[in-house]
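First comes the structure, then the notes that go with it.
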Amino acid sequence: MTVLDAGPLARRLAQALFVLWGAFTGAFIALYLLPSDPVTLMLAQRADGPSAVIDPRQAAAIRVEYGFDQPVWRQYLTLLGRAVHGDFGTSVQTRESVSHLVTGALPQTVGLAGAALLIAVPLGVALPVLSACSRHRAVSRLVDSLPAVGVSIPSFWLGILLLQLLSFHWVVFPATGNTGIRSIVLPALTLSLPTAAVIAQVLGRSLRSSLGSAYVELAKAKGASRSWIVFRHALRNASLPAVTVAGLVGGNLLGGAVVIETVFARNGLGQITVNAVTNEDLPVLLGLVVLAAAIFVVTSLVIESVYPLLDPRIRRS
Amino acid sequence: MGPNLGVLETLTAQDPATGKVGPGLASSWTISPDATSFTFHLYDGVTFSDGSPFTADIVKANFENIQKLGPTASNSGAYLAGLTSITAPDQRTVTVAFAKPNIQFLQATSAPALSILSTGSLAGTAADRCTGKIVGTGPFILSSYIPHQNIVLSKRPDYKLAPSTAQHTGAAYLDKIDIRIVSDVTTRTGSLLSGQLDATNAVAPQDEARFDGNGFSVISRTLPGVVLSLYVNEKKTILQDQNVRLAIQKAINRADIVSTLYSPHYKPATSVLSSTTPGYTDFSSQLTYDPITAKRLLDSAGWTVGPDGIRVRGGQKLALDVIFGQPQSLELVQQQLKQVGIQLNLRQLQISQIQPQLVAGNYDLFLGNSSRADPDVLRTLFKQFAIVGSDSPALTAALSKQAESLDPAARQQAVTDAQKIVVSNAHVVPITEFAQVVGQSSKVNGLSFAANSSVRFYDAWLS
């Protein structure tokens, strides 16, 4: 089975590169043209923070060192030239190489997002299936109402609630840290619930419409059991929108990590993003935007290549 | 403020109780009579944790490296400003010379910014050192460092020397220290109360009561340096009038601010310097809450109470702009000043927006402070930055004199004079002292504070 032949693949890759360039340029324009001063921020934070007085001559000398004194177009070309070679410069705040900073934190966040997906996908699929298979309307209604609750809960609140209960009141899981499986349970759970809720909402809706179609009536007439109909016929047809949403959810997990990593004091992309934003650390922010764009591009390529496996109509066209 | 990791050590050590500078890696030192040249005699037999010996050449290389780093070495570079030569005549002696009298350099050699790194650490890049590749002579070794997450220290068993400020000599008591970087105060408090942490710093004032008795305790130390103050822009016409400045000074109820917003671990300011700063002199009699005198001063300056309670003079309202990054206690100060007829407009700005406003002089008051365990902090603020519009010759003379005085009594006199001029003329309006507040479980013993009020682990142990 050929999923994609060489022509479309090359086109997709070209599109992907264009998206990356667009993200880089857009982020550059937004970051470098808006008023910001990472150098002063860095100097202030090494002294007494907002209540410090900074020597303007010292700030000016450091700005020269980072090239912030150059004309904007020259800064853009220099940064783009370096970025092509994977070099995003150094963080103004910590002097660490941006690529090193980001690649060091990536596994932590991918691990967290992966663990969250491992909880979110089974949970998000189980709820609508449970509702569809159930013979009792009351049970179906109850199960159907859960995703709306899950979508509405703010994750920072859920995180603090879980911490209070399962870490501070009953010391079951550690509140902070990245070591061992136990430390990932609470953050992954917090991150997964809203995601599971979104998957359950989309899958539940399309499952209900699939169950109302003619072929389901035919299957019923042939005497197929309720669970056979759900698993053999309806679920596969209903899963296409859910897969599309799952792709977007991958990106949302990264966004959610910003909040979760701060609450649980975990080192990761989210934590780095929060620090880079508060410190107006332009090189780090630029690197993070390009990474986020790359993740979205890869996720959508993966999702697109999964469609033909689910839907024979796409495979044939 | 972060803890003192005890990985690196300094030439001297400052006693937090007395402010006196005592032996560190240097056993003794001599200062030339004009306070321009400092000769340090180094201890013999000291080694870095990688086994390499500690020598005069390494001290020289460290200071030269700071000069080479230029403006990016923001704290350490300021301590070495005006340095003319570093010589190491033998492996136990280093002489550092400055162009001008610079007595603050002695205390600077006890500051973490002038810690001594091994040759191996110096050979790496600044980025390497920032990511934890540092080797020092201290009682702890940096085992791992993940930025924004945690620092793991382990004991150096063969550590022999200890700075003069320590309670014991030889290896540290704790085998391992896991320092977690937890920015959320709720998580910090909950983790300490549930036994997941042994101690936490930056306890919020409202959480202090939860660590009272019940197997926990709170220890604290006031930060040295210039207290949280309103820096007055005396280039503004209204504020050139000393009566207006003094009225602001007297209209502020410092005790009320501490009891409303803080806790007994925080103190009302009693001078422009905090009570833990060497050279501090108590001027609390001039910083008492006295709204009646404040009103009288404003009356005599020609400011009469207008229909809305805010004073006016010649059609102009007595309204002042204060710029700041975090309001700290400004909302309360605003209410207190209103009682005497001064309108305070709060202009909260981002850190990066504050500095250009300061340089442009586009403000009336700025909420500032400046930490350092040496009275020279006043000179940095008033002479180097010159953000405070005062150009009082008496103040300049007192600040120069303290920088030149080798004799401690003469320096103390000059520092007292400088504080007196600043406070009695209200060039700066002191508000409150900041404190480092640490919550600890009753298992923790011997946790102490360095002169800069950072936490030290060397004498600490768990029962």
Side-chain angles (χ1 to χ4, degrees), chain A residues 35-62 64-65 90-91 94-97 100-101 104-105 108 159-160 163-164 167-171 174-179 261-268 271-272 274-275 279-280, chain B residues 70-72 74-75 77-78 113 125-127 129-131 146-150 178 180-184 186-191 193-197 223 225-226 228-229 231 324-326 328 348-356 358-359 366-371 380-381 384-385 387-388 434:
Chain A
S36 66
D37 188 357
V39 170
T40 301
L41 265 167
M42 179 266 289
L43 288 172
Q45 286 180 351
R46 285 196 199 166
D48 291 284
S51 49
V53 180
I54 302 305
D55 186 352
R57 287 158 300 185
Q58 189 177 27
I62 298 178
V64 171
E65 195 171 308
T90 56
S91 155
T94 64
R95 289 188 71 87
E96 204 179 343
S97 135
H100 183 260
L101 192 73
Q108 309 269 16
I160 291 172
L163 272 178
Q164 292 289 354
S167 186
F168 300 156
H169 191 73
W170 298 293
V171 189
T176 57
N178 276 35
T179 41
E261 287 174 356
T262 308
V263 172
F264 291 93
R266 295 173 64 85
N267 176 48
Q271 178 90 260
I272 288 178
V274 171
N275 282 305
N279 297 322
E280 299 176 8
Chain B
T72 46
S74 50
N75 294 332
T125 62
R129 291 191 289 274
C130 286
T131 48
I146 305 171
H148 314 303
Q149 189 182 306
N150 74 330
D178 185 358
R180 301 272 173 86
I181 297 150
V182 183
S183 52
D184 187 75
T186 319
T187 312
R188 284 202 302 272
T189 301
S191 299
L193 285 171
S194 59
Q196 298 177 56
L197 295 173
L223 294 189
V226 171
L228 187 71
S229 314
Y231 296 175
F324 56 95
Q326 282 166 6
Q328 312 282 359
Q348 183 159 21
L349 300 171
Q350 298 292 322
I351 294 181
S352 50
Q353 295 172 312
I354 290 174
Q355 304 300 328
L358 285 177
V359 173
F366 166 62
L367 184 71
N369 79 306
S370 189
S371 312
T380 317
L381 202 61
Q384 195 175 325
F385 296 145
I387 66 131
V388 181
F434 271 129

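Labels below follow one simple rule: chain letters A, B, ... track the order of the sequence lines, proteins then strands, and each chain is numbered from 1.
Applying the side-chain hydrogen bond (donor to acceptor under 3.5 Å, both in side chains) test to R46(A) and every residue at least two apart in sequence or in another chain returns S74(B). The salt bridge (Lys or Arg N to Asp or Glu O under 4.0 Å) test applied to R95(A) returns E65(A), not counting sequence neighbours.
Panel note: side chain D184(B), backbone V263(A); no donor-acceptor pair is recorded below 3.5 Å. With Q355(B) contributing its side chain and T40(A) its backbone, the two residues share no donor-acceptor pair below 3.5 Å.
Shown here for F168(A) and S191(B), the closest heavy-atom pair between the two residues is CE2-N, 3.3 Å. When every heavy atom of G325(B) is checked against every heavy atom of P50(A), the shortest pair comes out as CA-CB, 3.5 Å. Smallest separation of non-hydrogen atoms from R266(A) and Q149(B): C-OE1, 4.1 Å. The heavy-atom pair separating I351(B) from A44(A) by the smallest distance is CG2-CB, 3.5 Å. A175(A) and T187(B) make their closest contact through CB-CG2, 4.3 Å (heavy atoms, listed as atom of the first residue, atom of the second, distance). In this structure, I181(B) and A265(A) approach most closely via the heavy-atom pair O-CB, 3.6 Å.
Of the atoms belonging to E261(A), not a single heavy atom falls under 4.5 Å from chain B. Contacts of S167(A) with chain B are made by both backbone and side-chain atoms, with heavy-atom separations under 4.5 Å. In this structure, chain A has heavy atoms under 4.5 Å from both the backbone and the side chain of N369(B). Only the side chain of Q196(B) comes within less than 4.5 Å of a heavy atom in chain A; its backbone stays farther off. Contacts of Q58(A) with chain B are made by both backbone and side-chain atoms, with heavy-atom separations under 4.5 Å. In this structure, chain A has heavy atoms under 4.5 Å from both the backbone and the side chain of V182(B).
Heavy-atom pairs under 4.5 Å with chain A peak, among A113(B), G190(B), S370(B), A127(B), at G190(B). Interface check for chain A: of the options S183(B), G195(B), C130(B), the most heavy-atom pairs under 4.5 Å are formed by C130(B).
By the 4.5 Å heavy-atom criterion applied to side chains, S371(B) and D48(A) are counted as neighbours.
Taking OG1 of T125(B) as the start and CD of E96(A) as the end, the distance is 10.5 Å to the nearest 0.5 Å. Note: I354(B) CD1 to D37(A) CG = 11.5 Å, rounded to the nearest 0.5 Å. Atom OG of S352(B) is separated from atom CG of N279(A) by 10.5 Å, given to the nearest 0.5 angstrom. One distance of note links CZ of R188(B) with OG1 of T176(A); it measures 11.5 Å at 0.5 Å rounding. For the atom pair L41(A) CG and Q350(B) CD, the distance stands at 8.0 Å (nearest 0.5 Å). Between the OG1 atom in T186(B) and the CD atom in Q164(A) there is a gap of 7.5 Å [rounded to 0.5 Å].
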